[in-house]
Amino acid sequence: MSIGNYLRTILAALALLCSALSAGAAGRVIYLTFDDGPLSGTANVLDVLAEEQVPAAMFMVGLHVDSSVEQKALLMRAKALPLVTVGNHSYSHANNRYRDFYSNTDAVVADMLKANSVLGLTPWVYARLPGRDVFRLIDYSKDDLSMDPAHYEREVVDYDYVAAMKFLIYGWDFEWAHSGDGKPVQSVDLLLSEIDHLFAYGRFMKRNEMILLMHDEMFQDRFDGKAKLQTLIRQLRQRGYTFGDVKQYDPNPYTGTPMHSSSK
């Protein structure tokens, strides 16, 4: 075989491989979600979302908004982006003492309602409870499977009461983990490999739909966060994944919100 024919054979094989990878990801949706903002890193997240024009949910903490004029401005900037859904992630974030927080149902509900006021959100409100992978949607419900039975029995009342106050509560399927200082644990390449692997097995709340949890603090300049997030989004797009809006994950008949998705 001549060198020219050999090269053409290699290129053809690569083209088939790329086509197969793209076909394998067809119809597979990823919902980008970011917790704990506004914080250092939130501005970079907003920059990337605006540039790449992908939908995302940003579950924000009321106390962080109240912390400074600059952080309130980040909230307003997020709310001004058409493809961004600002959600409620509590006012206090349980002060990171989750078992204490969930020991008082009335206090949990009051904390969530206070965050609504600070964030300027009115029912129905998209929300994520602090420290708990819980779903309470119109058609889907799931409790945090990592909890021991005793705490589950105690806390499930809190989840139900919050949902009854017209919160649509979202958990997650997979997390881009971070260390204590906010640094991303997985490299982008490893994360992409993990996502491909998980979709191959399809162990999500909804078939072929992954809710990806991330945290704003991961995308600070000192972690090269803006470039990492942009690379992740572009690589997912190249693999054939599409990006969904949380409003389409479980359309709420009470909001009148139309279904929407974007893959640019």
Side-chain angles (χ1 to χ4, degrees), residues 31 33-39 42 56-68 71-72 74-75 78-79 84-175 177-178 180 182 205 211-217 246-247 249-250 252 254-255 257:
Y31 299 86
T33 70
F34 301 85
D35 281 11
D36 294 355
L39 290 170
T42 300
M58 302 190 73
F59 294 104
M60 293 195 170
V61 175
L63 182 61
H64 295 166
V65 173
D66 274 345
S67 295
S68 72
Q71 289 180 192
K72 185 169 185 177
L74 288 170
L75 164 66
K79 294 179 78 171
V84 171
T85 297
V86 172
N88 184 324
H89 195 39
S90 79
Y91 181 81
S92 67
H93 203 274
N95 296 310
N96 294 324
R97 300 177 64 180
Y98 303 116
R99 289 191 175 183
D100 289 346
F101 182 71
Y102 292 108
S103 68
N104 185 330
T105 300
D106 289 340
V108 171
V109 172
D111 195 80
M112 297 296 290
L113 293 176
K114 183 176 181 179
N116 274 359
S117 178
V118 172
L119 297 169
L121 302 177
T122 56
W124 289 74
V125 174
Y126 299 91
R128 176 171 284 155
L129 293 172
R132 296 292 182 262
D133 183 9
V134 172
F135 286 81
R136 287 294 187 277
L137 304 175
I138 301 301
D139 292 326
Y140 297 91
S141 180
K142 190 192 84 169
D143 295 315
D144 194 324
L145 302 180
S146 68
M147 300 192 60
D148 62 82
H151 280 94
Y152 160 75
E153 291 294 338
R154 170 62 195 87
E155 293 189 10
V156 70
V157 178
D158 300 344
Y159 316 151
D160 291 340
Y161 267 81
V162 171
M165 299 301 292
K166 295 186 176 180
F167 288 90
L168 298 167
I169 303 172
Y170 287 79
W172 60 89
D173 294 303
F174 188 56
E175 180 179 2
H178 64 87
M205 273 284 288
I211 296 179
L212 179 63
L213 167 63
M214 297 169 281
H215 291 80
D216 288 27
E217 62 183 333
V246 292
K247 299 182 186 73
Y249 185 82
D250 183 37
N252 180 5
Y254 303 109
T255 65
T257 303

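In this text the structure is predicted, and so the values were computed from the model without any measurement.
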Just so I know, are the side chains of [X] and [Y] near enough to count as touching, which here means a heavy-atom distance under 4.5 Å?
X: D35; Y: L213; result: yes
X: Y140; Y: M205; result: yes
X: R132; Y: Y98; result: yes
X: S92; Y: F101; result: yes
X: L63; Y: H93; result: no
X: I211; Y: Y170; result: yes
X: V108; Y: V162; result: yes

- Query: Do you see a donor-acceptor pair shorter than 3.5 Å between the side chains of D143 and Y152?
  - Reply: yes

- Query: Are a donor atom and an acceptor atom from the side chains of H64 and D36 found within less than 3.5 Å of each other?
  - Reply: no

- Under 6.0 Å from the NZ atom of K72, do we count more than 12 heavy atoms belonging to anything else shown? no

- Task: Can you establish whether the number of heavy atoms outside R154 located under 6.0 Å from its atom CZ is more than 12?
- Result: yes

- Task: Using the side-chain contact (heavy atoms from CB on, under 4.5 Å) rule, pick out the option among L113, V86, N88 that qualifies with V125.
- Result: N88

- Side-chain donor/acceptor of Q71 to backbone N/O of P38, under 3.5 Å: yes

- Query: Does any N or O in the side chain of D66 come within less than 3.5 Å of the main-chain N or O of V118, such that one atom is a donor and the other an acceptor?
  - Reply: no

For the residue pair [X] and [Y], what are the closest heavy atoms and their distance?
X: A127; Y: M112; result: CB-CE, 4.0 Å
X: L119; Y: M60; result: CD1-O, 3.7 Å
X: D111; Y: S90; result: OD2-CB, 3.2 Å
X: D100; Y: R97; result: OD2-NH2, 2.9 Å
X: I169; Y: V134; result: CG2-O, 3.4 Å
X: D158; Y: S103; result: OD2-N, 4.4 Å

- Task: May I ask you to establish whether K114 and Y91 are in a cation-pi arrangement, using a distance under 6.0 Å from NZ or CZ to the six-membered ring centre and at most 45° from the ring axis?
- Result: yes

Hey, could you give me the [atom1]/[atom2] distance between [X] and [Y], rounded to the nearest 0.5 Å?
X: H215; Y: T33; atom1: NE2; atom2: OG1; answer: 8.5 Å
X: Y126; Y: K247; atom1: OH; atom2: NZ; answer: 5.5 Å
X: I138; Y: D250; atom1: CD1; atom2: CG; answer: 6.5 Å
X: T42; Y: D216; atom1: OG1; atom2: CG; answer: 3.5 Å
X: E217; Y: F34; atom1: CD; atom2: CZ; answer: 13.0 Å

- Task: Identify whether the distance between the nearest side-chain nitrogen and carboxylate oxygen of D148 and R99 falls below 4.0 Å.
- Result: yes

- May I ask you to say whether R128 pairs ionically with D133, meaning some side-chain N is under 4.0 Å from a carboxylate O? no

- Task: Could I get the full list of ring pair (Phe, Tyr, Trp, His ring centres under 6.0 Å) partners for F59, not counting sequence neighbours?
- Result: none

- Looking at residues at least two apart in the chain, or sitting in another chain, which of them share a ring pair (Phe, Tyr, Trp, His ring centres under 6.0 Å) with Y31? Y249

- Would you sort out whether H178 and M214 count as a side chain to side chain contact (heavy atoms under 4.5 Å, CB included), showing the intermediate values? CA-CA 8 Å; H178 64 87; M214 297 169 281; over 6 Å; no

